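Here the structure is a predicted model, which means the values were calculated and not measured. Numbers restart at 1 for each chain; the letters A, B, ... are given by sequence-line order, proteins then strands.
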Amino acid sequence: MPDWIIIIGRSFIFLLLLFITTKILGKKQISELSLFEYIAGITIGSIAGEVVTGLEANFVHGAIAMIVFGVITFLVDYISIKSKKFSDFAEGKGTVVIKDGKILENNLKKEKYTIDELSALLRQKDIFKIADVEFAVLEPRGNLSTLLKRENRPLTPKDLQMKMPSEKEPQTIIMDGNIVDEPLRNAGKGRGWLYTELEKLGVTLDNVFLGQVDSYGELTVDLYDDKIQIPSPMQRPLLLATIKKTQADLEIFSLETNCEKSKAMYKKNAAILQEVIDKLSPYLNG
Amino acid sequence: MTIASNVKQCLATIKGIEAQLSSLAVNSLDEEAQTLFHETSLQIGDIKKDLQYRVLELERNEPQYKG
């Protein structure tokens, strides 16, 4: 048998073996979060490469080694879930390198990181001033996780004491001109609703490349034909504007009328509408 | 434009707002938003009733604009 046929055969078998091993070990193996998975990952890859091209090597030996590595990684993962101590040992623990804004030199030395390397890692996170960092940990995989001091963190609505409405994830209900039924059901809608919405936008289903529905039941579509302009959903901002207009109208009526009773009624309802505007604004803005 | 027709127009807008809020309440996925939209649509419903009553009053006072 010529060599190249053997190589093709081995490649296929090892590809399959690698695929199955990784599939069983799961997502954790791919992210190589822990020390052990890192070692197993590179070794399994090297074994496969070595055996596929090295014709003098025994095929079965390579396969056995690979399976052993796979099984041990699987076992380590399994025991790690059960025992915290074991997982600390096998998967490694993060090392605190900056605490209360001060560099812990001893821990840095223990991990054999120089100041230059630490500042390079910080720069990767767009931090150029060590004084800005409250807390930083070196993860087992060698990346740095940082917590900035309170005043240096990006501003969030919470800092401004703004009330933000909670939102559900948008569902992709049209892909490539086809309706995807499961997300449509998750969004609590049916095909009938979708056809009505598409008609409102004036597009046909097979012209839509991608369609998403947000948590307010508004449909946004991307068309194959990029020259066609479709309006973005404006229902909610428009509604808010209408409520504001009506509120102003009621205020005017209350000033115009001479009847005391009606004046009081208009005033009361204008106040209610103002309250409604305040409550709905976070939900209706854009 | 008379007061009566202005108030009637306002009443129509209020009805529209109520309907839109109801539809938002049905179409929203988030429960908090659903309740809020529903409650507000009820509040708007009360305003609608007040205005309807006022429209009747105005029609009685200015029968020529009845319609």
Side-chain angles (χ1 to χ4, degrees), chain A residues 163-171 186-189 193 197 213-219 233 235-236 238-254 256-259 261-284, chain B:
Chain A
K163 192 186 170 300
M164 294 304 279
S166 57
E167 239 172 40
K168 294 270 185 293
E169 72 282 8
Q171 302 278 358
N186 288 342
K189 306 278 184 297
W193 169 85
E197 288 296 309
V213 58
D214 69 7
S215 91
Y216 295 102
E218 282 171 343
L219 180 72
Q235 195 208 346
R236 285 177 297 130
L238 211 59
L239 177 60
L240 186 62
T242 323
I243 300 179
K244 279 182 181 161
K245 176 186 170 287
T246 315
Q247 198 266 344
D249 277 347
L250 287 180
E251 297 253 18
I252 291 173
F253 293 154
S254 81
E256 276 174 351
T257 183
N258 288 324
C259 165
K261 209 180 95 206
S262 313
K263 209 182 196 78
M265 184 273 283
Y266 285 136
K267 268 206 177 127
K268 185 195 83 190
N269 285 335
I272 293 178
L273 268 189
Q274 186 56 53
E275 205 182 289
V276 165
I277 292 170
D278 292 341
K279 255 197 303 186
L280 284 184
S281 296
Y283 289 87
L284 296 182
Chain B
M1 294 284 266
T2 60
I3 293 281
S5 68
N6 275 341
V7 177
K8 267 185 200 165
Q9 203 180 24
C10 187
L11 175 64
T13 323
I14 283 276
K15 279 182 186 166
I17 294 171
E18 192 192 13
Q20 281 193 57
L21 281 173
S22 298
S23 113
L24 270 175
V26 173
N27 278 321
S28 292
L29 288 180
D30 183 49
E31 219 148 278
E32 207 180 313
Q34 269 179 4
T35 355
L36 183 66
F37 286 136
H38 182 66
E39 275 170 11
T40 351
S41 100
L42 291 181
Q43 271 182 312
I44 301 280
D46 291 341
I47 300 179
K48 187 182 75 180
K49 268 180 211 143
D50 278 352
L51 278 185
Q52 265 166 345
Y53 181 73
R54 179 68 187 152
V55 166
L56 286 180
E57 260 183 1
L58 287 171
E59 274 175 357
R60 216 175 322 130
N61 294 343
E62 307 171 59
Q64 67 271 35
Y65 296 112
K66 195 168 178 207

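Residues A:T257 and B:R54 are in side-chain contact: their nearest non-hydrogen atoms beyond the backbone lie under 4.5 Å apart. Looking at A:E218 and B:N27, their side chains never come closer than 4.5 Å, going by heavy atoms from C-beta outward.
Taking CD1 of B:I47 as the reference point, atom NZ of A:K268 lies at 8.5 Å (rounded to 0.5 Å). The line from CD of A:Q247 to SG of B:C10 is 10.5 Å long, rounded to the nearest 0.5 Å.
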### Query
Do B:L24 and A:Y283 pass the side chain to side chain contact (heavy atoms under 4.5 Å, CB included) test, and can you show the C-alpha distance, the side-chain angles, and the key distance before you say yes or no?
CA-CA 11 Å; B:L24 270 175; A:Y283 289 87; over 6 Å; no
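Under the salt bridge (Lys or Arg N to Asp or Glu O under 4.0 Å) criterion, the residue pairs touching residues 9-37 of chain B are A:K163-B:E32, A:K168-B:D30, B:E18-B:K48, with sequence neighbours excluded.
Of the listed residues (A:L273, A:L280, A:I272, A:I277), just one forms a side chain to side chain contact (heavy atoms under 4.5 Å, CB included) with B:T40, and that residue is A:L280. Here the rule is side chain to side chain contact (heavy atoms under 4.5 Å, CB included) with B:I14, and of A:D249, A:I243, A:T246, A:T242 only A:T246 fits it.
Looking only at heavy-atom pairs under 4.5 Å with chain B, the residue among A:L250, A:L239, A:V276, A:D214 that has the most is A:L239. Of the listed residues A:G188, A:G217, A:P282, A:S215, the one with more heavy-atom pairs under 4.5 angstrom with chain B than any other is A:S215. For the set B:T13, B:L36, B:D46, the entry with the most heavy-atom pairs within less than 4.5 Å of chain A is B:L36.
Of the atoms belonging to A:E275, it is side-chain heavy atoms, and not backbone ones, that fall under 4.5 Å from chain B. For a residue to count as touching a neighbouring chain, one of its non-hydrogen atoms must lie under 4.5 Å from one of that chain's; by this rule A:N269 touches chain B with backbone and side chain alike. Interface remark: B:E57 contributes side-chain atoms only to the contact with chain A (heavy atom separation under 4.5 Å). Of the atoms belonging to A:Y216, heavy atoms from both backbone and side chain fall under 4.5 Å from chain B.
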